[in-house]
Amino acid sequence: MSKVGEKTTAMPAPEIMPGGGIDPDLVKQDFPVLRQSINGHPLIYLDNAATTQKPVAVIKRLQTYYESDNANVHRGLHTLAERATDAFEATRDKIRSFINAGKREEIIYTRGATEAINLVAYTYGRQNVGPGDRIVITRMEHHANLIPWLELARQNKAELVYIPINSEGYLDLSEIDTIINNRTKIVALTHMSNVLGTINDVEEITALAHKKKAVCLIDGAQAVPHMPVDVQSLGADFYVFSAHKMLGPTGLGVLYGREELLQAMPPFNFGGEMISEVRFDKVTWNVLPWKFEAGTPAIAEAVAFAPALDYLENLGMENIRRHEIELTAYALSRLSELKHLTIYGPQNPEHRGGAIAFSDDKIHPHDMATFLDTQGIAVRAGHHCAQPLTRLLGVNSTTRASFYIYNNTNDIDTLHEALLAARRYFGHG
Ligand code: PLP
């Protein structure tokens, strides 16, 4: 077990090919769930924007934790409690270094990206946003980064203003100087869109927000798993993501917040762990990060998130990004051969991630996803928790294929063939 603060030295992973490319076939061998057939076909998992699969190392750590270390954290004076606490806190250090936060106190465990955004909206938001103030978000947000702000604006009588997007799927920043005005208290935007795939120029927006003395929250749920992220160089005040979208267990997320902001914020939940001293008539709060971690946290999940981070670090986030650019470029080119498809988001693979939403001009996305499942291909269909954006695209739902480290070009070829087979099956061949 690694000690608190210890950094593991990354051995070159065998999955890295000479020149830095990832070998997805070798990676795949580490993921037991991918070794099965679905409806008589080898499983091709293309629903990674929803959640990723877990490597053996993560599954094993969950098992060894429960078999040999299980205890509640922070309160026990026995060996198991110490082991559980050390492992739980060691992951916090790994997360700090993974996103280059300045201090471990700035890493708050949450249940997911959604809870992390709600935490900021309920605490920082309620404290700092008043009548007539402005909250700025974009038209490409997941509901997780839209509804908390809509609610905060409604409750505190503030304005919610949206940065528009252009027809190519990029943010339209032509009016940004008037959108982020002197009344703006919070700017919140996604680092990478889960529908369009667009990677936003976060550094530019944080700088603009800071010029107007607003804080900036970045929703990194789709970015941290897929590219190197440095919260300090991005200028993020808050940055959120979920473990399950980056090989880790479900039920665990991260809020990064700048220490001075977190210090000044009131707690989110109240109860055990988040206190320093409690009397019948008053209470003082625990220090960071535990002030925001009331109750028993997701201990096993945090412990087993460490091997997920190690796995990604061993592959190298730059290599992962490069692999996904290549796959995305290939997918965009193969899918655009099918003239009956509309493909959403930027066409330049350097400007986007590997979540590709598309629609067939004759087949409903739900029918398409169901048909693809009969071919062993898992994709998502629906509004992808971004209803306003989906409507803006002129549809009610889309089909989305999203890639990760274990996907290869054969998967995309098989998807291409299955999309053609769907046309024949539904009588449009
Ligand atoms: N933000 C984005 C961009 C997402 O894609 C998602 C999940 O799909 C979320 C936030 C919410 O993540 P979670 O459901 O893990 O809290």
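Numbering of ligands and ligand atoms starts at 1, following listing order.
Taking CD of E15 as the start and OH of Y406 as the end, the distance is 13.5 Å to the nearest 0.5 Å.
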So what's ligand 1 close to, N/O to N/O, under 3.5 Å?
| unit_1 | atom_1 | unit_2 | atom_2 | d |
| --- | --- | --- | --- | --- |
| ligand 1 | 1 (N) | D219 | OD1 | 3.2 |
| ligand 1 | 1 (N) | D219 | OD2 | 2.5 |
| ligand 1 | 5 (O) | Q222 | NE2 | 2.7 |
| ligand 1 | 8 (O) | H142 | NE2 | 3.3 |
| ligand 1 | 8 (O) | K245 | NZ | 2.6 |
| ligand 1 | 15 (O) | S242 | OG | 2.7 |
| ligand 1 | 15 (O) | H244 | NE2 | 2.7 |
| ligand 1 | 16 (O) | A113 | N | 3.3 |
| ligand 1 | 16 (O) | T114 | N | 2.9 |
| ligand 1 | 16 (O) | T114 | OG1 | 2.6 |

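Pairs engaging residues 182-221 under the ring pair (Phe, Tyr, Trp, His ring centres under 6.0 Å) rule: H191-Y239 [sequence neighbours left out]. Sorted by first then second residue, the salt bridge (Lys or Arg N to Asp or Glu O under 4.0 Å) pairs that include residues 142-152, not counting sequence neighbours, are E151-R154.
Residues V229 and M227 are in side-chain contact: their nearest non-hydrogen atoms beyond the backbone lie under 4.5 Å apart.
A salt bridge between E260 and R258 is present, with a side-chain N of the basic residue lying under 4.0 Å from a carboxylate O of the acidic one.
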Pair up each side-chain donor or acceptor in residues 366-374 with any protein partner under 3.5 Å, not counting sequence neighbours, and list the distances.
| unit_1 | atom_1 | unit_2 | atom_2 | d |
| --- | --- | --- | --- | --- |
| T370 | OG1 | H366 | O | 2.7 |
| D373 | OD2 | N39 | ND2 | 3.3 |
| T374 | OG1 | F371 | O | 2.4 |

